[in-house]
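All remarks here apply to the structure that follows.
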Amino acid sequence: MSTIQFPEQLKWGAATASYQIEGAAKEGGRAPSIWDVFAHTPGNVKNGDHGDDACNSYHMYKEDVQHLKDLGVDLYRFSISWSRVLPDGTGELNDEGVAYYRHLIDELLENGIEPMITLYHWDLPQVLQETGGWENRDTTDAFLSYAEAMFQAFGGQVKKWLTINEPWCASFLSNYLGVHAPGKTSLQAAVDVSHHLLLAHGKAVQSFRRLVPDGEIGYAPNVGWLEPFTPDEKDVQACRRGMMWQKEWFMDPVFKGTYPETLKDIFAEQNAVLRMEEGDLDIISQPIDLMGINYYTGSIGRYKEDGGMFQVEEIPVDDRRTDIDWPIYAEGFYKTLKDLHETYGDVQLYITENGACYNHGVEEDGKVHDQERIEYLKQHLTSLSRAIEAGVPITGYIVWSLLDNFEWAEGYDKRFGIIHVNFDTFERTRKDSYYWYKETVENHRFNL
Ligand code: JJW
């Protein structure tokens with residue numbers, strides 16, 4: 001038996017997002033977001049599921065904070081529902097919505113848990129979608145005013161902030177692949193959205209320096225690892241193109257003030273052009289304090305002539321998959337962290353999401369025996385520990401997710417929680433993985 005040991009100062013956390021857990025979609029003055037509209041349109045989400053009630057965390061946040069407290073984590077990463085605090089998208093704050101987050105933050109702090117706020121976790125106010133959503137450059141200013149209002153309201157108590165969660169999902173998956181809200185299938189729309197998300201990020205960072213001078217801010221891109229099938233240059237380049245889509249497209253502008261030319265050219269071949277204004281890249285490349293990495297999966301990439309825009313075919317490393325069908329590749333997590341450090345230097349990294357979908361239910365003994373999730377976490381935390389030992393500056397690890405929740409287009413069938421949720425009664429049941437994580441957090445180590 002070997003032991004995996006973590007530094008004492010590594011911070012541990014658990015994460016959720018507003019639309020996935022809050023429910024109370026029509027309560028407290030909240031207005032609809034693009035996800036309310038998308039989920040209520042038949043055919044978009046499995047089983048016709050939607051976030052109207054979700055985990056009912058809006059009403060049960062005190063219980064949820066107790067689960068966090070008993071878990072022993074340092075951090076709780078949650079997101080703010082923009083349309084709950086600003087039902088018109090901009091303008092007048094909804095006091096009731098602001099009060100909900102204030103109570104949540106107070107509850108966390110009283111229990112010794114540090115809040116980490118994500119400003120944008122995909123739930124754009126629908127009213128802003130009606131004027132073009134993220135395709136409209138004006139939305140970046142709407143985001144800025146929302147961000148400023150939140151910095152002013154909570155910046156005194158909350159010192160860790162993330163602007164945008166998984167910008168690849170919010171742009172390409174949502175506007176080109178059509179899988180997430182608003183469900184468009186236009187590459188030009190997706191390219192515009194990706195630029196505007198980054199611009200909105202940059203604008204918020206600028207203003208954060210003024211409004212929360214003692215705080216730390218960053219964003220949370222998702223990265224799926226791809227590695228070449230053979231050392232053949234064709235496979236190597238195919239993987240580079242595939243990786244570029246999630247990695248360089250969303251990181252080069254922030255860390256280097258450029259977009260990757262190769263990708264601009266590929267998009268242009270599809271008649272999608274990157275439209276920018278003078279000075280945009282200066283705003284986007286504002287220095288940030290931390291980068292959040294969301295890692296779930298990795299694959300082998302192989303050159304394929306008719307393999308889509310990037311001429312790459314993704315092949316699973318082996319046949320191990322989670323219940324959402326994503327290949328398991330823990331080695332890719334280590335390689336991702338090493339690679340990001342080598343490419344972008346010494347930016348402080350938080351793993352803002354990592355976790356696994358397994359759909360175990362509550363058994364007759366009243367427990368949830370999710371051994372597979374524990375194995376997934378062990379493998380990925382082993383990679384994390386190796387990356388730390390190799391000198392990658394990693395400050396925190398935040399598991400996705402505290403609770404089973406509304407898994408977007410997959411609905412409630414796909415469970416990522418370390419706590420089981422019964423979506424009829426909202427009853428929470430701590431899974432075996434909860435107890436395993438608790439012990440790991442407590443001891444800063446686990447046994448393989
Ligand atoms: C890709 C589907 C091909 C969330 C994807 C679908 C294939 C046409 C999990 N991270 O719930 C990526 N998540 O809210 C944020 N991350 O393609 C948090 N990425 O389409 C978690 C889904 C995802 C995806 C889901």
Side-chain angles (χ1 to χ4, degrees), residues 13-22 33-35 38-39 43-46 49 51 54-55 57 76-81 116-124 162-181 183-187 190 197 219-226 242-243 245-247 250 292-299 307-310 312-314 316 321-327 329 333 336 350-359 376 380 398-418 421:
T16 62
S18 47
Y19 190 68
Q20 295 182 273
I21 66 155
E22 285 179 7
S33 75
I34 56 174
W35 266 97
F38 184 77
N44 286 337
V45 177
K46 276 196 193 134
D49 288 347
C55 305
S57 201
Y76 178 46
R77 174 182 179 228
F78 65 94
S79 80
I80 292 177
S81 158
M116 175 186 260
I117 291 181
T118 309
L119 283 167
Y120 187 72
H121 203 120
W122 306 353
D123 43 358
L124 184 75
L162 297 160
T163 54
I164 309 283
N165 182 67
E166 298 187 355
W168 179 85
C169 289
S171 52
F172 292 101
L173 186 65
S174 305
N175 294 278
Y176 171 56
L177 299 174
V179 177
H180 282 183
K184 295 190 67 161
T185 49
S186 150
L187 185 60
L197 287 167
Y219 70 139
N222 51 312
V223 188
W225 180 254
L226 263 189
M243 284 285 292
W245 200 22
Q246 290 196 345
K247 188 185 128 196
F250 293 99
I293 295 300
N294 296 356
Y295 180 89
Y296 291 94
T297 186
S299 294
M309 226 181 347
F310 305 117
V312 61
E313 172 188 32
E314 289 187 25
R321 287 164 186 265
T322 59
D323 286 348
I324 199 170
D325 246 14
W326 298 351
Y329 192 42
F333 187 30
T336 297
Y350 278 83
I351 311 314
T352 35
E353 286 181 29
N354 173 244
C357 173
Y358 287 107
N359 300 327
Y376 179 100
H380 287 76
I398 303 173
V399 70
W400 184 271
S401 173
L402 180 68
L403 303 168
D404 289 340
N405 60 48
F406 177 74
E407 182 48 42
W408 309 111
E410 301 290 333
Y412 293 103
D413 272 359
K414 296 286 184 277
R415 297 174 176 271
F416 278 85
I418 57 171
V421 177

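This one's a predicted model, so the numbers in the text were calculated from it and none came from an experiment. Along the sequence shown, the residues carry numbers beginning at 1. Just follow the structure's listing: the first ligand is 1, and inside any ligand the first atom is 1.
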Is there a donor-acceptor contact under 3.5 Å linking the side chains of Thr16 and Tyr76?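 Per modelled atom types, Thr16 and Tyr76 side chains form a pair under 3.5 Å.
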Any side-chain donor paired with an acceptor under 3.5 Å for Thr118 and Asn165?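 The criterion, which ignores hydrogens and geometry beyond distance, is not satisfied for Asn165 and Thr118.
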Any non-hydrogen side-chain atom of Trp35 less than 4.5 Å from a side-chain atom of Val45? yes
By side chain to side chain donor-acceptor pair (under 3.5 Å) - contacts of Thr336 (at least two apart): none
Taking only heavy atoms of the protein into account, state which residues are under 4.0 angstrom from an atom of ligand 1, in chain and number order. Gln20, His121, Trp122, Asn165, Glu166, Trp168, Cys169, Leu173, Val179, Tyr296, Trp326, Glu353, Trp400, Glu407, Trp408
Can you measure from OG1 (Thr322) to CZ (Phe416) and round to the nearest 0.5 angstrom? 6.0 Å
Tell me, with the steps shown, if Glu407 and Lys46 meet salt bridge (Lys or Arg N to Asp or Glu O under 4.0 Å). CA-CA 10 Å; Glu407 182 48 42; Lys46 276 196 193 134; over 6 Å; no
